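The analysis underlying the following values was restricted to heavy atoms, covering all of them including side chains, and did not include hydrogens, waters or symmetry mates. Being a predicted model, the structure only gives us computed values, none of them experimental. Indexing begins at 1, ligand by ligand and atom by atom, following the structure's order.
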Amino acid sequence: MNPLENRRFLLQRRPHGTPQRDDFHLETGAVPAAPQGGMVVRNHFISLDPAQRGWMDDAPSYMPPIALGDAVRATTVGTVHESRNPDFAVGDWVLGLNAIEDYSVVTPGGFTSKIDVSIVDSPSRYLSAVGAVGLTAYFGLTDAASPRAGETLLVTGAAGAVGSMVGQIGKILGLRVIGIAGGAEKCRRLVQDYGFDMAIDYKDAHGAKPVDALSAEIAAAAPQGVDIMFENVGGDVMDAVLMNLALHARVVLCGLISEYNAPEKIGIRNLWQVIVKQATIKGFLIAGYVPRFAEGGAAVAQWIGEGRLRVDEDIQHGLENAYDAFMRLFTGANTGKLVLAVE
Ligand code: NDP
């Protein structure tokens with residue numbers, strides 16, 4: 001990066017379906033000045049998340065849509081570049097909800113907090129292991145799913161950032177863990193790197209498998225049914241798992257990434273199985289757990305320290321590569337928590 005310039009990755013058109021390169025524009029301008037009571041943060045690591053795709057749509061959500069012409073909203077880790085706030089000094093490491101840009105203006109009362117980078121091997125860990133990803137996995141499983149040792153947990157999007165942690169936490173809690181992911185290599189990693197009991201590939205040489213074929217594989221892997229379904233994907237994969245619920249199953253709806261780029265929402269067709277199995281579906285949002293973040297962070301940090309939890313990051317380099325990096329989430333190219341290192 002040029003220390004005299006601020007590059008900003010702007011949303012210039014709302015994507016219709018899969019985001020296109022020219023839905024965005026990389027603008028170069030001057031480094032901003034800190035407002036009274038606020039500061040300017042130089043971003044070093046930027047979180048790339050499926051949620052950002054939702055924020056690009058003009059639709060009701062838990063956050064307002066990104067305004068056209070604004071930089072794409074993102075959680076970032078950076079250092080204070082200029083401060084007009086007595087609680088933050090130049091050079092402090094901070095975590096905050098900012099944007100895909102070199103420098104972010106932080107106004108008073110924002111979400112920015114100081115972080116201790118001496119306790120992690122890389123500051124990017126605040127976007128993965130001890131950040132929202134780790135907390136989502138922790139609370140999504142331990143709280144929202146009410147797990148009991150010996151039960152069968154099935155995780156979709158299992159080789160991704162959230163999914164791989166959910167499965168490993170499931171093993172720590174004494175569950176039998178099945179993961180669904182795309183491709184032989186990801187399935188190998190589920191078992192060998194993350195300790196899942198079984199992995200199912202939802203793809204074959206022709207692309208995504210039909211619902212019936214995938215459902216049959218799940219039935220063979222979970223003959224007693226799935227007690228906890230941790231859903232990150234939606235669509236056909238979810239329909240296949242729904243056909244294999246155990247009585248009184250709990251479904252944690254964490255994400256529906258297969259539907260984020262669908263211009264028309266198709267919907268789930270096997271929802272009737274929720275009635276048949278007297279199951280419970282719970283919508284999960286990590287933002288609802290803010291008061292308990294310290295508890296979740298401590299548990300996750302302890303398991304990592306004990307070598308029981310492995311957290312992989314997929315670090316992509318260069319703000320100018322934001323579009324290509326972001327799209328890795330939707331092609332499945334990312335191998336762990338997707339992070340953009342600003343250089
Ligand atoms: P991941 O690291 O899991 O990356 C996304 C993965 O999704 C890809 O690698 C790909 O894996 C899979 N995928 C992409 N498109 C499809 C598709 N069409 N069908 C099936 N799988 C697909 O991302 P995260 O861990 O950051 O997020 C995982 C999920 O968790 C998302 O749905 C996200 O929205 C949700 N989430 C929810 C939160 C909450 O508070 N509710 C908080 C954080 C995340 P593969 O190669 O296996 O297809």
For ligand 1, list all ligand N or O to protein N or O distances below 3.5 Å, rounded to 0.1 Å.
from     : atom 1 : to   : atom 2 : distance (Å)
ligand 1 : 2 (O)  : A161 : N      : 2.8
ligand 1 : 2 (O)  : N334 : ND2    : 2.9
ligand 1 : 4 (O)  : N334 : ND2    : 3.2
ligand 1 : 9 (O)  : K186 : NZ     : 3.2
ligand 1 : 9 (O)  : N334 : OD1    : 2.6
ligand 1 : 11 (O) : K186 : NZ     : 3.3
ligand 1 : 21 (N) : Y202 : OH     : 3.3
ligand 1 : 25 (O) : A161 : N      : 3.3
ligand 1 : 25 (O) : V162 : N      : 2.8
ligand 1 : 30 (O) : N232 : OD1    : 3.3
ligand 1 : 32 (O) : N232 : O      : 2.9
ligand 1 : 32 (O) : Y260 : OH     : 3.4
ligand 1 : 34 (O) : Y260 : OH     : 2.8
ligand 1 : 40 (O) : I286 : N      : 2.8
ligand 1 : 41 (N) : C254 : O      : 2.9
ligand 1 : 41 (N) : F284 : O      : 2.8
ligand 1 : 46 (O) : K186 : NZ     : 2.6
ligand 1 : 47 (O) : G182 : N      : 2.8
ligand 1 : 48 (O) : Y202 : OH     : 2.5

What class does the angle between the rings of Y138 and W303 fall in, given that below 30° is parallel, 30 to 60° is tilted and above 60° is perpendicular?
tilted
S128 side chain to E313 side chain, donor-acceptor N/O pair below 3.5 angstrom:
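Checked: S128/E313 side chains pair up, N/O donor to acceptor below 3.5 Å.
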Scan residues 230-242 for pairs that pass side-chain hydrogen bond (donor to acceptor under 3.5 Å, both in side chains), counting only residues two or more places apart or in two chains.
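side-chain hydrogen bond (donor to acceptor under 3.5 Å, both in side chains) check on residues 230-242 returns T156-E231, D236-R269, D239-R269.
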I'd like to know if K186 pairs up with D201 as an ion pair, taking the criterion as any Lys NZ or Arg NE/NH1/NH2 lying under 4.0 Å from an Asp or Glu carboxylate oxygen.
no
Give a yes or no on whether a salt bridge exists between R53 and D57, defined as a side-chain N under 4.0 angstrom from a carboxylate O.
yes
Heavy-atom side-chain proximity of L68 to R14 below 4.5 angstrom
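A side-chain contact exists here, since the closest heavy-atom pair is under 4.5 Å.
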